[in-house]
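To start, the structure under review is shown below, and the notes come after it.
Computed from a predicted model, the values in this text were never measured in an experiment. Chain letters run A, B, ... following the sequence lines, proteins first and then strands; every chain starts at 1.
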Amino acid sequence: MKEAISEVSSLSHARQEELLRTLDPALAEDIERPRDHFRSLPALEKADGGVVMRFAPNPSGPLHLGHARAALLNDAYVRRYGGKYILRIEDTDPKRIDPTAYTMVREDAEWLGLAISDIVYQSDRLDIYYAYAQKLIERGGGYVCTCDPERFRELKMAKKPCPCRETSLEESLDAFSRMLEGLYGEGEATLRVRTDLSHPDPAMRDFPAIRILKSPPHPRKEACVYPLMNFSVAVDDHLLGITHVIRGKDHIANTRRQKYIFDYFGWEPPVYRHYGRMGIEGVILSTSQMRAGINSGEYSGWDDIRLGTLRAIARRGIFPQAVREAVIEIGIGETDISFSWENLYAHNRAVVDPVANRYFFVPDPVEVTIEGAPSQTAHALLHPAHPEKGTRDLHFTGKALVPRNEIREESGMVRLKDLFNVEIRAGGQSPVCRYAGESLSEARARKAPIIQWLPPEECVPATLLTPGETIKGACERLVAGEAGAVVQFERIGFARIDSVGDEGITAYFAHR
RNA sequence: GCUGCUAUAGUGUAGUCCGGCCAAUCAUGCCGGCCUUUCACGCCGGCGACUGGGGUUCGAAUCCCCAUAGCAGCACCA
């Protein structure tokens with residue numbers, strides 16, 4: 001037996017399969033094919049008949065890269081299995097609502113290209129939550145607690161019940177009505193879900209479901225009794241027919257809590273997947289911290305290019321498709337990861353390179369006279385791979401703007417791209433530049449750098465903004481027609497033309 | 001403190017469930033070369049990882065135990 005095994009083992013997989021096919025073709029069909037791993041997400045259980053999923057941000061600010069992961073992952077599964085995708089605005093905490101965020105979230109979701117089929121506002125559903133809260137009490141699953149929160153916490157940690165836990169069903173129902181009538185002050189009464197006080201995880205013990213909030217007022221509704229997310233989410237997930245939930249692992253405990261509610265009502269919970277925490281190099285994702293920075297004037301707004309908001313990266317010329325690919329590549333692993341800009345840029349480069357027109361941008365320009373050079377016109381291609389897009393024509397008439405850092409003692413020969421060769425002798429204040437022929441092959445042979453340049457009378461002042469620095473320079477006039485588009489400044493990198501004004505062009509650097 | 005999750009190159013990821021051509025995949029990054037009137041794109045080559053220690057086994061990235069590290073939760077936030 002052993003010999004037989006080692007004999008088979010010594011054969012190659014291909015050979016083994018071949019032999020098996022001759023012995024038992026049916027069995028051979030069962031051989032597991034190596035999964036073609038083109039970045040496909042793992043399959044979801046119970047999803048073959050279609051899914052109903054949701055993206056559930058709270059409207060405290062615009063969407064950022066962290067939201068994009070949740071939104072796009074769920075979106076990818078809805079597209080894969082078919083079904084519905086619900087955008088659920090979780091606005092049950094007036095303290096954390098920025099009224100302008102309602103629009104920003106919708107704009108950002110649209111930018112991402114989410115396949116949203118419905119939008120639901122939780123603030124429209126308060127009566128539903130109240131009704132289910134009553135049912136929960138009737139089923140013995142909840143009680144109104146009027147203890148001091150601090151006191152309750154102590155009891156909970158000691159695995160001891162608070163006095164309210166023993167109140168009768170009727171009393172709890174009455175107390176809950178009084179909550180709704182506004183007879184309690186803020187924090188004076190809370191509906192708790194009855195769980196298991198001896199549960200080893202303190203996070204599970206009689207967690208709160210509904211609380212009273214007198215201020216600030218809700219921007220959309222008049223109310224002072226609001227559900228906590230664990231309650232509203234459980235009720236909504238059931239009522240909206242959510243089948244699968246993909247969310248961050250910070251919700252693992254919430255999932256367990258929500259299961260108590262599902263159990264009390266006899267509902268079947270969705271299938272959950274929790275992905276790991278995602279940090280982003282050099283960027284804060286906390287909405288409150290970003291807001292603080294905006295208020296203090298550190299950032300110019302939600303679309304300040306140093307921020308990780310979607311509007312900020314859009315402004316820099318990152319396309320939603322690149323974000324989608326980067327996020328899908330990351331997947332739903334439970335490991336904590338750090339999101340790398342390099343990976344995002346690589347995806348964006350693939351999106352943008354084939355379509356971005358090429359232009360010259362000369363940073364820190366210095367004007368030089370090129371002695372002995374004939375006037376002539378350079379016909380530079382808008383895109384090297386698409387000659388049919390045409391050319392930008394630059395007329396040379398004796399002078400050129402070139403990047404200051406190309407003029408050095410040791411410069412020697414450089415070639416002005418699409419024009420001719422120039423011999424530079426730096427030394428002192430005024431560099432001397434002399435025409436050195438048209439020969440491209442000579443420039444090659446002498447390893448002359450091929451640099452960008454501009455006719456001084458045909459250029460526009462331009463500012464290139466990167467997250468770290470502001471580069472002043474000049475660019476071709478034609479760039480003015482690219483407002484809103486992403487172009488490639490040759491030898492510099494891709495940039496989005498943000499605005500074209502009297503004082504010149506402003507562009508945001510995307511990446512190399 | 002209590003509870004839970006995770007651990008593969010600089011980064012992301014495949015493989016882990018069901019141990020075996022895994023001297024570990026793919027991408028990105030970096031380095032070198034080729035191509036090229038851009039330092040872009042494309043092509044070729046190279047660099048670089050199974051957290052540590054025990055155990056089980058003929059055989060462990062894969063199973064078990066311990067340790068370590070990171071993360072999350074224990075909010076009248078979501």
Under 3.5 Å for both donor-acceptor distances, Watson-Crick or wobble: does [N] have a partner, and if so which one?
| N | result |
| --- | --- |
| G42(B) | C34(B) |
| U3(B) | A72(B) |
| G20(B) | C58(B) |

> Does Ser340(A) or Leu416(A) map to a spot on RNA chain B nearer the 5' end, using the closest nucleotide for each?
Replying inline: Ser340(A)
>> Quick check: on RNA chain B, is the nucleotide nearest Arg257(A) upstream (toward 5') of the one nearest Leu440(A), or the reverse? Name the residue that is more 5'.
In response: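 Residue closer to the 5' terminus by nearest nucleotide: Leu440(A).
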If you only use heavy atoms from C-beta on, which nucleotide in [options] is closest to the side chain of [X]?
| X | options | value |
| --- | --- | --- |
| Thr190(A) | C76(B), A40(B), G73(B) | C76(B) |
| Asp353(A) | C71(B), G4(B), C41(B) | C41(B) |
| Glu334(A) | C5(B), U38(B), A78(B) | C5(B) |
| Lys156(A) | A78(B), C74(B), U38(B) | C74(B) |

>> One pair to check against side chain to side chain donor-acceptor pair (under 3.5 Å): Asp91(A) and Ser123(A). What are the steps and the verdict?
In response: CA-CA 6 Å; Asp91(A) 54 348; Ser123(A) 53; 2.6 Å; yes
> Between Glu154(A) and Arg151(A), does at least one N-O distance fall below 4.0 Å, as a salt bridge requires?
Replying inline: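 Salt bridge present between Glu154(A) and Arg151(A).
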Provide a list of protein-nucleic acid N or O atom pairs under 3.5 angstrom, restricted to nucleotides 46-49 of chain B.
none

> Do Arg273(A) and Tyr77(A) meet the cation-pi criteria used here (NZ or CZ under 6.0 Å from the six-membered ring centre, within 45° of the axis)?
Replying inline: no
>> Is the positively charged end of Arg69(A) above the ring of Phe339(A), judged by distance under 6.0 angstrom from the centroid and angle within 45° of the axis?
In response: no
>> Taking atom types as they are modelled, would you say the side chain of Glu329(A) forms a donor-acceptor pair with the base of U28(B) within the 3.5 Å cutoff?
In response: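 It does not, because no donor-acceptor pair links the side chain of Glu329(A) to the base of U28(B) below 3.5 Å.
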